[in-house]
Amino acid sequence: MLKIKTPKSGKARREIEKRAPKLVENGKKTLILQGTKTSNVLNAVLTEIYQLKKGSAVRYTRKNENIRPFESGGETSLEFFSLKTDCSLFVFGSHSKKRPDNLVIGRTYDHHIYDLIEVGVENFKSMESFTYDKKLAPKVGSKPFIAFIGEGFESLDELKHLKEVLLDLLRGEAVENLNLAGLDHAYICTAVSSNRVFFTHCALRLKKSGTIVPRMELVEVGPSMDLVVRRHRLPNDSIRKGAMKTAKDQPKKKVKNVGQDVIQGKVGKIYVPDQQVGSVALPNKAKGLKRERREAKMKPNEGGAPKKQKEDSE
C-alpha cells in the first residue's frame, strides 16, 4: 500500500497548491536539457532558446544518459524531470553521426509524454552574428508576433504538428488585452519545402505612418536557422481526449429578490417590516411633551376665569 505524504510546512503546501489543476492555468514552463553528446552548434542553440524563454525556462547542463525519446523506457527520466521542475514543454538536444545537431521538442500532459517532434538544425546563425541598434533589442517577458508563411502549415501533417508545438513554445503566457507598444519582436517561420522550415527572430521598429496605427519594420536580431523535420509522434486518442477536456462553467448562484426587466433592466424587491410607530417608547425629556404641558397649564378653565380669581370674588 502506497503512503500518501502530506506537506508539513506552509511553503510546501503553497507549492503544491500552485501545481494543482486550475480553471485558468499558469503560463507553460520549458525544460531545456541535453544528451550524452552534443556539438558546439547545438549548445549555442540550446543557450539561445533559453535566453529567448528567460523567466519561464529551466536549463540543465549535465549530460543525461537515460533520456532517449521515441524509444520505450527512454522517456522515464524525462517525465521525472518534468514533474520535478513543473514544466509542460521540453527541448532535448543530442548529436550523433546518424542524426547530427538533433533537437526533440515535446509536450507533456499530467507530466507524461503527450507528443514529440524531432528536427535537425542547419545553417544556424547566433544573435552575436547580427549587427543592429541595441535599443531595438527585445525586452524580457514581452509578447511576440508569430507568423507562419507557407501552405505546408495547413496541408502537411508534419508541418501542422511543428506549428502547434512552436506556438506553445514561443507564445508565452496567454493574455486577454495587449498594448501595441509592448510588441517589440516577432518570430517568422517560413515553409521552404515539405520538411524544411526557415526560422528567424526579428525586432519590430515602429515608425510614423500618418495614421493612428504606426508603420512597422522588421530588423533581424537572431537567432536564425533551418529546421528539418525528421520524426514526429502524435498523441493517442485517449490522451488527446483527456488533454482537451475543459471544465464546465459553474452555474451562477441565484440572487434573492432580484429580477430582470426588459425596459427597466435590473429590478430589486425591498421588504420593509411594520415599524409599529404607535407603540414606540418616547424619551421622558421630549421637547414636544414639555410644550404640551406648558400650554395645558396656561389654558383657562371651562368657566372662563382662572381658579384663583374665582376664589377672590367669593
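Residue indices begin at 1 and follow the sequence shown.
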Quiz item: Is it true that R240 and E164 make a salt bridge, defined as a side-chain N closer than 4.0 Å to a carboxylate O?
Solution: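 The answer is no: the pair does not qualify as a salt bridge.
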
Practice problem: Taking only Lys NZ, Arg NE, NH1 and NH2, and the carboxylate oxygens of Asp or Glu, determine whether E118 and R233 approach each other closer than 4.0 Å. | Solution: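 Salt bridge between E118 and R233, a charged N being under 4.0 Å from a carboxylate O: no.
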
[Y] backbone acceptor or donor facing [X] side chain under 3.5 Å:
X	Y	value
T38	H95	no
E79	I113	yes
Q34	Y60	no
K29	D86	no
K163	C189	no
N64	R62	yes
D133	K135	yes
K143	E173	yes
S129	K125	no

Self-check item: N40 atom CG: more than 12 heavy-atom contacts under 6.0 Å
Solution: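 Open: at most 12 neighbouring heavy atoms sit under 6.0 Å from CG of N40.
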
Exercise. Report, as yes or no, whether the 6.0 Å neighbourhood of atom CG on D237 holds more than 12 heavy atoms from other residues, nucleotides or ligands.
Key: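 Atom CG in D237 is not packed in, count stays at 12 or less.
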
Quiz item: Do H161 and L234 pass the side-chain contact (heavy atoms from CB on, under 4.5 Å) test, and can you show the C-alpha distance, the side-chain angles, and the key distance before you say yes or no?
Solution: CA-CA 8 Å; H161 190 195; L234 295 171; 3.7 Å; yes

Quiz item: Are side-chain N/O atoms of E220 and T200 paired as donor and acceptor at under 3.5 Å?
Solution: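 Checked: E220/T200 side chains pair up, N/O donor to acceptor below 3.5 Å.
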
Quiz item: Is the NZ or CZ atom of K134 positioned over Y132's six-membered ring, under 6.0 angstrom from the centre and within 45° of the axis?
Solution: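 Geometry flag: set, cation within 6.0 Å and 45°.
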
Practice problem: Decide yes or no on side-chain contact (heavy atoms from CB on, under 4.5 Å) for V91 and L169, but give the supporting numbers first. | Solution: CA-CA 9 Å; V91 179; L169 180 67; 4.1 Å; yes

Self-check item: pair I146-L166: side-chain heavy atoms closer than 4.5 Å
Solution: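 No - every pair of side-chain heavy atoms lies 4.5 Å or more apart.
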
Quiz prompt | Audit row: E217, R215, side-chain contact (heavy atoms from CB on, under 4.5 Å) steps and yes/no | solution = CA-CA 7 Å; E217 289 186 357; R215 183 169 61 89; 3.0 Å; yes

Exercise. With sequence neighbours excluded, tell me which residues meet salt bridge (charged side-chain N to carboxylate O under 4.0 Å, His left out) with E71.
Key: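 With neighbours one apart ignored, the set is R68.
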
Practice problem: Please check if the distance between the ring centroids of H185 and Y187 is under 6.0 Å. | Solution: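 Yes; Y187 has its ring centre under 6.0 Å from that of H185.
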
